[in-house]
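Both backbone and side-chain heavy atoms feed into the values below; hydrogens, waters and symmetry mates do not. In what follows, every chain begins at residue 1, and chains take the letters A, B, ... in the order their sequences are listed.
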Protein chains: 2
Amino acid sequence: MASQAEENYLKALFTLASDSGEIGLSDLSEMLQVSTPTANSMVKNLHQQGLVHYEKYKPISLTSKGKKEASLVIRKHRLTEMYLVEKMGFGWEKVHEIAEQVEHIKSPALFERMDELLGHPKIDPHGSPIPDRNGKIEWKSYHKLSECKPGDSIRLVALTHSSDEFLQYLNSKRLSLGLMLQVESVETFDGNMAISYLKNHREILSAKVCEKLLVEKE
Amino acid sequence: MASQAEENYLKALFTLASDSGEIGLSDLSEMLQVSTPTANSMVKNLHQQGLVHYEKYKPISLTSKGKKEASLVIRKHRLTEMYLVEKMGFGWEKVHEIAEQVEHIKSPALFERMDELLGHPKIDPHGSPIPDRNGKIEWKSYHKLSECKPGDSIRLVALTHSSDEFLQYLNSKRLSLGLMLQVESVETFDGNMAISYLKNHREILSAKVCEKLLVEKE
DNA sequence: GTATAAAGTTAGATCAATCTAAACAATGAT
DNA sequence: ATCATTGTTTAGATTGATCTAACTTTATAC
């Protein structure tokens, strides 16, 4: 069974693979905050276990077995986040840190039970898809808010990245998933967008923020 | 912050202290299933941290700081067990293994939330007391069923030990905490007791079992 | 009261996960 | 085409938790 460290490397490789193209050792070591030699030796270890493709000096990638393992760790993470928010009343900005630890618990029954109690949710509190028992992920192709035009009326459904600070920022603007947004205007110069929502909220969101908000046209 | 291994040693020392008198290294290594040298070096480490009293060739004991730390780990363990039973619907025989892992999670907020959602329970699913935030334990002095006499009508309130098999055994007899029991007769020869409960259940319980059942006279 | 058994200790090895320093390979800029 | 920069790998050390083998101390039994 994979150690906590191994699970963390798998998860990092999975994440890197989905948002960058080629994965270098330095990306991995940077993401996990370890030295490159450390990441290097772990990659060799995972290679031995048939979880990653590895050749000296070449980019790293997960094997299909590795992808499945990684997805299952991500499943545990996201189920935990959802459980903490839905059943225990934590704010969405508090759950990542706890889920980082809970995801390593060896107990299929625990996660199955969370899944049942939650009614087999498809997404986590940040709108990210929860892989199924077999590690399959249903990728939805959402639009970025930044790609919307004035007059568009859309629903906020997910976030591309969800750091603590970003979530706090969204909280402070009363922005949450499921909300309907109206694009009032877009500043062509800097990409700032004026958005209105919830009867009487009107905010100017920077391009940086709009990049990270995923929306669905109804 | 204490590592998982350290927390496990503290817990073991606490448990040994409450049910045996003097704690030897071999008791500790036996309980944790490690070699005596391993236990020995960990005890030295805990001694350095001011958590145990240690002198060569002398019995081991926890310092007050050590006792507090240990109690807080036990608190996390028991809150988790209670949460798993009460809020997630697990059977009392399933929760120990999961709680052994969850107890090591570093997140005061998680356990505080469990405590709140459970309404600040005083006991866990096996009737053992849950230490408070400061590590204080309210020791109740229960009677063993084995000390009861024919005609006694008592309530089953706790277990002295709760192995998987013992819990399964109790399940099979439909024995659970909170139940009222009537002592029908006691076999002086071997200590077997005839017990009736729940309208039409009547069972002969061995002395070994009766030793492990704690009851309260109403 | 000495011999033997039991319990505890020391020494030294191993393994996983990490590090730093130094060597090496690939890449891109002139 | 060469060289400097960047990225990767090797070598070797460290730390925490574990082990076995060998030795020492304490307790027990006669």
* Length of the CG-P vector between A:Asn40 and C:dA17, whole Å -> 15 Å
* To do: Let me know the distance between CG of B:Leu28 and P of C:dG8, rounded to the nearest Å.
  => 10 Å
Can you list, pair by pair, the side-chain donor-acceptor contacts under 3.5 Å of residues 66-74 of chain B, counting residues two or more places apart and other chains?
| unit_1 | atom_1 | unit_2 | atom_2 | d |
| --- | --- | --- | --- | --- |
| B:Ser71 | OG | B:Lys67 | O | 2.8 |
| B:Ser71 | OG | B:Gly135 | O | 3.2 |

* Structure fact -> Contact span of DNA chain D against chain B, any nucleotide atom under 4.0 Å from a heavy atom, 5' to 3', runs D:dA17 to D:dT26
Does a donor on one side chain sit under 3.5 Å from an acceptor on the other, for [X] and [Y]?
{"X": "B:Thr38", "Y": "B:Ser35", "answer": "yes"}
{"X": "B:Glu81", "Y": "B:His126", "answer": "yes"}
{"X": "A:Asn45", "Y": "A:Gln49", "answer": "yes"}

* Asked: For A:Val183, what residues pass the side-chain contact (heavy atoms from CB on, under 4.5 Å) criterion, not counting sequence neighbours?
  -> A:Leu145, A:Cys148, A:Asp152, A:Ile154, A:Val186, A:Met193, A:Ile195
* Asked: Once you build an axis from the first five pairs and another from the last five of the helix from C:dG1-D:dC30 to C:dT30-D:dA1, how far apart in angle are they, to 10 degrees?
  -> 10°
* Asked: Excluding sequence neighbours, so at least two apart, what forms salt bridge (charged side-chain N to carboxylate O under 4.0 Å, His left out) with A:Glu112?
  -> A:Arg75, A:Arg133
* Output all residues satisfying salt bridge (charged side-chain N to carboxylate O under 4.0 Å, His left out) with A:Glu93, sequence neighbours left out; order by chain, then residue number. => none
* To do: State whether A:Glu147 and A:Lys144 are salt-bridged, where the test is any N-O pair (Lys NZ or Arg NE/NH1/NH2 against Asp/Glu carboxylate O) under 4.0 Å.
  => no
* Can we say B:Glu216 and B:Arg155 salt-bridge, meaning some charged N sits less than 4.0 Å from an Asp/Glu carboxylate O? -> no
* **Neighbours of DNA chain C within residues 1-16 of chain B, by heavy-atom distance under 4.0 Å** => none
* Looking at DNA chain D, which of residues 31-38 of chain A put a heavy atom within less than 4.0 Å of it? -> A:Thr36, A:Pro37
* 5′-ward residue of the pair A:Tyr57/A:Ser41 relative to DNA chain C -> A:Ser41
* Pairwise salt bridge (charged side-chain N to carboxylate O under 4.0 Å, His left out) hits with a residue in residues 97-109 of chain B, at least two apart -> B:Glu7-B:Lys106, B:Lys11-B:Glu100, B:Lys11-B:Glu103
* Is A:Lys58 touching bases, backbone alone, or none of the nucleic acid, heavy atoms closer than 4.0 Å? -> nothing
* To do: Select one nucleotide: of C:dT10, C:dA17, C:dA7, the one nearest the side-chain heavy atoms of B:Lys44.
  => C:dT10
* To do: Apply side-chain hydrogen bond (donor to acceptor under 3.5 Å, both in side chains) to B:Lys173 and list each qualifying residue two or more places apart in sequence or on a separate chain.
  => B:Glu203
* Applying side-chain hydrogen bond (donor to acceptor under 3.5 Å, both in side chains), name anything that partners B:Lys212, two or more places apart in sequence or on another chain. => none
* To do: Would you mind listing every ring-ring contact (aromatic ring centres under 6.0 Å, His included) that reaches into residues 71-112 of chain B, with sequence neighbours excluded?
  => B:His77-B:His96
